[in-house]
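Notes for the one structure printed next.
Throughout, a chain's letter reflects where its sequence line sits, starting with A, and its residues are numbered from 1.
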There are 2 protein chains.
Amino acid sequence: MRSYGQYCGLARSLEVVGDRWNLLIVRQLLLGPARYRDLIDGLPGIATNLLADRLRDLEASGVVERRLATAGNTIEYALTPWGSELRGPIEGLIRWSTPLMIPGPGTDAFRPEWLALAVPALLATRVQNPPAAMIGLDIGGALFQLRSASTGFEVGPHDNHALDATVHADPAYILGLAAGALTLGDARALGVVETDGDESVIRTVFAA
Amino acid sequence: MRSYGQYCGLARSLEVVGDRWNLLIVRQLLLGPARYRDLIDGLPGIATNLLADRLRDLEASGVVERRLATAGNTIEYALTPWGSELRGPIEGLIRWSTPLMIPGPGTDAFRPEWLALAVPALLATRVQNPPAAMIGLDIGGALFQLRSASTGFEVGPHDNHALDATVHADPAYILGLAAGALTLGDARALGVVETDGDESVIRTVFAA
DNA sequence: CCGCATCCTCATGGATACTG
DNA sequence: CAGTATCCATGAGGATGCGG
């Protein structure tokens, strides 16, 4: 990116991550280290030459590091500690996007893994004292685990630990609920759809 | 901006504010409503056609509103309530930029008004219980007022109210101090340079 | 002056094909 | 698998024009 030539923190940040696709690449890497192919898959629409360019740029500026994967001879990309600190600004933009998400996905692509970033971002500001709970989430076939933490909620990989419940839900519905819990002035509970056979009920998972 | 085609809050946010210059325009408007000429002056390097384009885009997407200035027949631009909520993500990026600001301004342009955004952003995360104080700031000829608040510090326009002190300081120095107070692990105080005649001392203004 | 619109040039992004 | 190379379309930047 061409320099803005301004001694301003925002301008200098954008010279590093303001280029098209850059923050979306960081989003993918916030989910964990990934190989080139994983990034192509998680960033539908990106051109292969652009991904290569951006990874070079981000590596040169100290946001991303390129290394050998633990499992042998293939390359993987990961965030540096400084790069990981982009989680805050990114979560802020995710919260800000609420009005843009309400209309639903339309024809846009969706990856369940994106919820691992979006759900905690949307819930972090509202719920103060979450009760202790471990909920399994089956979202569009992807398995996650939702657990309460002092800072809000954390969504992580499913690890087959003892769960209080397992919930099967539509991705868009989960996002809508999370956004609604943030948006509606008096909302204090997060509900999730539970489907068993052909019966569906809305369960209250967390109440503040 | 061309759509990313992803049902992801970050992607949809960036479709609105991810275009070059957009967040910097929002930065300027976070300082208060401004006319076209003010924006040109506060955004050194922007081309006039781009500013016009971006203002149209931001108005169409509901971030900015265009209205008649109170003082008569001229046009002014202001943030909508939703646009104002970009303050959070922008402050996050300003904090993230600390390593990029340490080397100093070099040949980059600088506007004292940018500090009104940067200083509170840098201090907000660290200082928990600021003592009551009202400090005048004379930064490169621009007058501000720094006051303690429950959420941290606020920098506002100078209004000639009774002040505990007035401080004359170099812009870069203030920014360096604010960044340092955030960066250094054990820093708990904010000092400011006070110049009286040819004597300069560093005063501790706030201690946590 | 202010608030843009037009025109032109050049850098960047996007899609696809291809290679070590 | 992990990228390059190529070609075309789009957008940025700078200069200038122009009505109010």
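- Rounded to whole angstrom, the span from the CG atom of B:L50 across to the P atom of D:dT10 amounts to 17 Å.
- Atom CD in B:E76 sits roughly 13 Å away from atom P in C:dC4 (whole-Å rounding).
- Note on A:Y77: a side-chain N or O is less than 4.0 Å away from OP1 or OP2 of D:dG3.
- A distance of 12.0 Å separates CG of B:L30 from CD of B:E113, quoted to the nearest 0.5 Å.
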Verdict with reasoning, A:E76 to A:R67, per side chain to side chain contact (heavy atoms under 4.5 Å, CB included) | CA-CA 5 Å; A:E76 81 177 10; A:R67 62 192 196 195; 3.0 Å; yes
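- Contact annotation: A:R54 reaches the phosphate of C:dG13 (side-chain N/O to OP1 or OP2, under 4.0 Å).
- Between A:D53 atom CG and D:dA5 atom P there is a gap of 11 Å when expressed in whole angstrom units.
- The residue B:L51 sits apart from the nucleic acid: no heavy atom pair falls under 4.0 Å.
- Straight-line distance from the CG atom of B:L39 to the P atom of C:dC2: 13 Å, rounded to whole Å.
- Looking at A:V63, A:L24, A:D19 one by one, the single match for side-chain contact (heavy atoms from CB on, under 4.5 Å) with A:R54 turns out to be A:D19.
- At a cut-off of 3.5 Å, with distance as the only test, a side-chain donor of B:S3 or B:E15 sits close to an acceptor on the other residue.
- The side chain of A:T48 contributes no N or O atom lying less than 4.0 Å from OP1 or OP2 of D:dT4.
- Between A:A52 and A:S3, the one whose closest nucleotide on DNA chain D sits nearer the 5' end is A:A52.
- Heavy-atom distances under 4.0 Å link DNA chain D to B:R20, B:W21 of residues 16-27 of chain B, given in residue order.
- Inspection of the B:Q6 and A:R27 side chains reveals an N or O donor paired with an N or O acceptor under 3.5 Å.
- Ring pair A:W21/B:Y4 is perpendicular by interplanar angle, where above 60° counts as perpendicular and below 30° as parallel.
- Here the C1' atom of nucleotide D:dC18 and the CG atom of B:N49 are 15 Å apart, to the nearest Å.
- Checking the phosphate oxygens (OP1, OP2) of C:dA5, a side-chain nitrogen or oxygen of B:R56 falls inside 4.0 Å.
- When rounded to the nearest whole Å, the span between CD of A:E15 and P of C:dT12 equals 13 Å.
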Would B:V26 and B:L79 count as a side chain to side chain contact (heavy atoms under 4.5 Å, CB included) if you check the C-alpha gap in whole Å, the side-chain angles of each, and the deciding distance to 0.1 Å?
-> CA-CA 7 Å; B:V26 172; B:L79 293 175; 4.1 Å; yes
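- When the P atom of D:dG3 is taken as reference, atom CZ of A:R37 falls 12 Å away, rounded to whole Å.
- Nearest-nucleotide mapping onto DNA chain C: of A:M1 and B:R2, the residue sitting toward the 5' end is A:M1.
- The shortest distance between side-chain heavy atoms of A:L117 and B:L10 does not fall below 4.5 Å.
- In the helix from C:dC1-D:dG20 to C:dG20-D:dC1, the terminal helix axes, each the rotation mapping four pairs' C1' atoms onto the next four within five end pairs, subtend 30°, rounded to 10°.
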How far apart are the C-alpha atoms of A:I75 and A:R66, what are their side-chain angles, what is the distance that settles it, and do they pass the side chain to side chain contact (heavy atoms under 4.5 Å, CB included) test?
-> CA-CA 7 Å; A:I75 297 165; A:R66 176 200 186 92; 3.9 Å; yes
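- Tested against B:V17, the residues B:L86, B:D57, B:I90 include a single side-chain contact (heavy atoms from CB on, under 4.5 Å) partner, B:L86.
- The distance from atom CD of A:E59 to atom P of D:dG3 is 10 Å, rounded to the nearest whole Å.
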